[in-house]
Number of protein chains: 2
Amino acid sequence: MNEQTRLSWTDVRDEIRARILSRAYAPGDKLPRDEDIAQELGCARSTVHRAMQDLSQIGLVERKRKGGTHVRADPVTRATFDIPITRREVEQRGSIYSCQLISRTVEQTPLPIMARFGITHPAEMLRVKALHLADNRPYIFEDRWIDVGSMPEILDVDFSLESANEWLVHNKPYSRLDVRFSAMNAEGESARYLDTPTGSALFVIERTTWIGAEPITTVQAVAAPGYQLVAQN
Amino acid sequence: MNEQTRLSWTDVRDEIRARILSRAYAPGDKLPRDEDIAQELGCARSTVHRAMQDLSQIGLVERKRKGGTHVRADPVTRATFDIPITRREVEQRGSIYSCQLISRTVEQTPLPIMARFGITHPAEMLRVKALHLADNRPYIFEDRWIDVGSMPEILDVDFSLESANEWLVHNKPYSRLDVRFSAMNAEGESARYLDTPTGSALFVIERTTWIGAEPITTVQAVAAPGYQLVAQN
DNA sequence: GAGTGGTCTAGACCACATG
DNA sequence: ATGTGGTCTAGACCACTCT
């Protein structure tokens with residue numbers, strides 16, 4: 001007559017989710033207190049808590065300290081994307097990776113770049129343009145700004161050996177990140193380097209990183225036509 | 001001489017992250033066992049576990065059951081995006097939302113749609129095209145397929161009152177989700193309805209949902225030029 | 001086989017938000 | 001002031017995976 005095994009938090013999560021899917025708990029409804037659910041299902045409160053943590057993460061429920069747990073009335077679609085180093089991305093597709101350094105200059109940051117970093121005074125930064133290739137065909141064109149002040153050693157790195165992308169990822173972890181996706185028409189450099197007609201629709205990833213409040217790097221990566229980003233899960 | 005307060009898991013997380021940032025734990029390194037870290041910092045193992053859960057989620061470390069915890073050698077950029085109901089998205093920008101039903105037909109699923117759902121036999125589905133507007137200007141054009149078999153009641157819904165987007169979100173939670181982003185050139189319908197020249201670069205969100213293995217809906221949402229998606233955090 | 005992270009429990013206290 | 005989720009502890013056992 002006893003339960004065969006103890007309940008795991010995934011069991012609890014699945015049960016609660018099932019109730020939400022079946023509208024036993026309808027959108028906007030308040031769920032019972034964790035403790036009551038625990039008692040009903042026969043597990044510890046922390047197990048329910050762990051389950052709720054997951055459902056809350058996914059965006060299915062909303063929890064507040066005294067307000068209790070509610071089924072979200074306007075659920076959002078929440079998706080997580082992993083953006084690997086370009087080398088890995090190419091290699092995992094089974095292609096040969098290579099990279100061309102296009103230019104390497106030191107410039108004062110123009111206004112749009114200052115805006116990305118959220119700084120109010122211009123700074124001298126290293127600007128590196130590079131083209132990533134898969135099987136010798138253009139894959140991603142990147143235009144990157146790197147703060148020199150916080151890492152003077154960057155000036156000695158030979159980016160023809162290791163791309164700026166890789167060097168930074170291996171040598172400069174960040175503590176804050178901003179990522180944006182958009183679309184743009186190929187023109188000028190992007191069209192030329194990606195070897196695509198002017199006007200092609202290109203997928204753009206813009207990434208900016210900081211350590212604390214200190215700028216590290218910002219990059220606009222423009223992918224060749226056909227690029228698609230798929231969510232994990 | 002005593003600690004003022006107990007360590008919280010965020011303190012532990014910040015401490016570990018600081019060590020990684022300072023390369024005290026370098027990329028690829030193996031970290032001490034949770035229990036050793038707990039002892040060193042003077043907290044319970046589960047507190048360290050909670051901290052590690054967070055770092056692992058972010059993608060800074062990788063944990064394996066007997067292998068221990070390692071600093072990721074090839075860190076990935078992990079970003080989470082919330083895609084709200086279009087109505088909310090528009091309203092949160094401070095604009096007036098409206099929606100036009102363009103067409104509503106029942107069709108056999110063609111191959112590309114079957115592929116999205118992962119089904120091998122065609123099914124009859126409801127196909128709904130609609131245009132979302134912000135301040136009476138085109139915002140998102142969506143082309144949606146809805147499985148009729150699992151929700152015949154959908155046939156009675158008046159989509160001129162409530163968009164298919166909203167009806168589904170409010171009435172049909174899902175258990176599995178696939179999201180992809182890409183870019184495409186405006187052409188034909190997308191150009192016409194979004195009131196943009198043929199060839200404009202448009203941002204495309206493709207979303208497919210299931211309950212278990214059962215298809216619910218798939219939608220291709222094409223955003224007007226200038227659309228940008230920003231990560232949470 | 002053995003080592004390490006993953007989970008569960010029971011109990012205590014804290015912190016936040018609401019009435 | 002009070003209720004509810006959030007966290008911490010200590011200890012036990014489980015499950016994966018490497019050797």
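Proteins get letters first, then strands, A, B, ... in listed order; numbering begins at 1 in each.
Between A:Glu35 atom CD and D:dT7 atom C1' there is a gap of 15 Å when expressed in whole angstrom units. Atom pair A:Ile37:CD1 and D:dT4:P shows a separation of 12 Å (rounding to whole Å applied). Rounded to a whole Å, the CZ atom of A:Arg13 is 11 Å from the P atom of C:dT7. Rounded to an integer number of Å, the gap from CG of A:Leu7 to P of C:dA10 is 12 Å. The distance between atom CE of A:Met52 and atom P of D:dT7, rounded to the nearest whole Å, is 15 Å. Rounded to a whole Å, the CZ atom of B:Arg50 is 13 Å from the P atom of C:dG6. The distance between atom CG of A:Asp11 and atom P of C:dC8, rounded to the nearest whole Å, is 8 Å. For the pair B:Trp9 CH2 and D:dT9 P, the computed distance is 14 Å after rounding to whole Å.
Side-chain contact, A:Arg116 with A:Thr218: a donor N or O sits under 3.5 Å from an acceptor N or O. In the model, B:Asp135 has a side-chain atom that pairs as donor or acceptor with a side-chain atom of B:Ser95 under 3.5 Å. A side-chain donor from one of A:Thr80 and B:Thr80 sits under 3.5 Å from a side-chain acceptor of the other.
Distances shown here put a side-chain N or O of B:Lys64 below 4.0 Å from the OP1 or OP2 atom of D:dC18. The shortest distance between the side-chain N/O atoms of B:Arg65 and the OP1/OP2 oxygens of C:dG6 is not below 4.0 Å. Side-chain nitrogen and oxygen atoms of B:Thr47 include none within less than 4.0 Å of the OP1 or OP2 phosphate oxygen of D:dT7.
Here the side chain of A:Ser46 is nearest to one of D:dT9, C:dT9, D:dT7, namely C:dT9. Nearest nucleotide to the A:His49 side chain, out of D:dT9, C:dG5, D:dG6: D:dG6. Residue A:Arg33 has its side chain nearest to D:dG5 when only C:dT9, D:dG5, C:dC8 are considered. Closest approach to the A:Lys66 side chain among C:dG5, D:dT17, D:dT2 is made by D:dT2 (side chain taken as heavy atoms from C-beta onward).
Contacts of residues 53-63 of chain A with DNA chain C (heavy atom under 4.0 Å): none.
For B:Glu62, there are no salt bridge (charged side-chain N to carboxylate O under 4.0 Å, His left out) partners two or more places apart in sequence or in a different chain.
Nucleic acid contact for A:Ser8: sugar-phosphate only, since backbone atoms but no base atoms lie under 4.0 Å from a heavy atom of the residue.
Side-chain N or O atoms of A:Asp54 include none that pairs as donor or acceptor with a backbone N or O of A:Ala51 at under 3.5 Å. Within the 3.5 Å criterion, the main-chain N or O of B:Gln57 finds a donor-acceptor partner in the side chain of B:Arg78. In terms of modelled atom types and a separation under 3.5 Å, the side chain of A:Ser8 and the main chain of A:Asp11 share a donor-acceptor contact.
The aromatic rings of B:His132 and B:Tyr97 sit tilted relative to each other, their planes meeting at an angle between 30° and 60°.
Nearest-nucleotide assignment on DNA chain C puts the 5′-proximal partner with B:Gly68, out of A:Gly67 and B:Gly68. When each of A:Arg45 and A:Gly42 is assigned the nucleotide of DNA chain C with its nearest heavy atom, A:Gly42 is the one assigned upstream, toward the 5' end.
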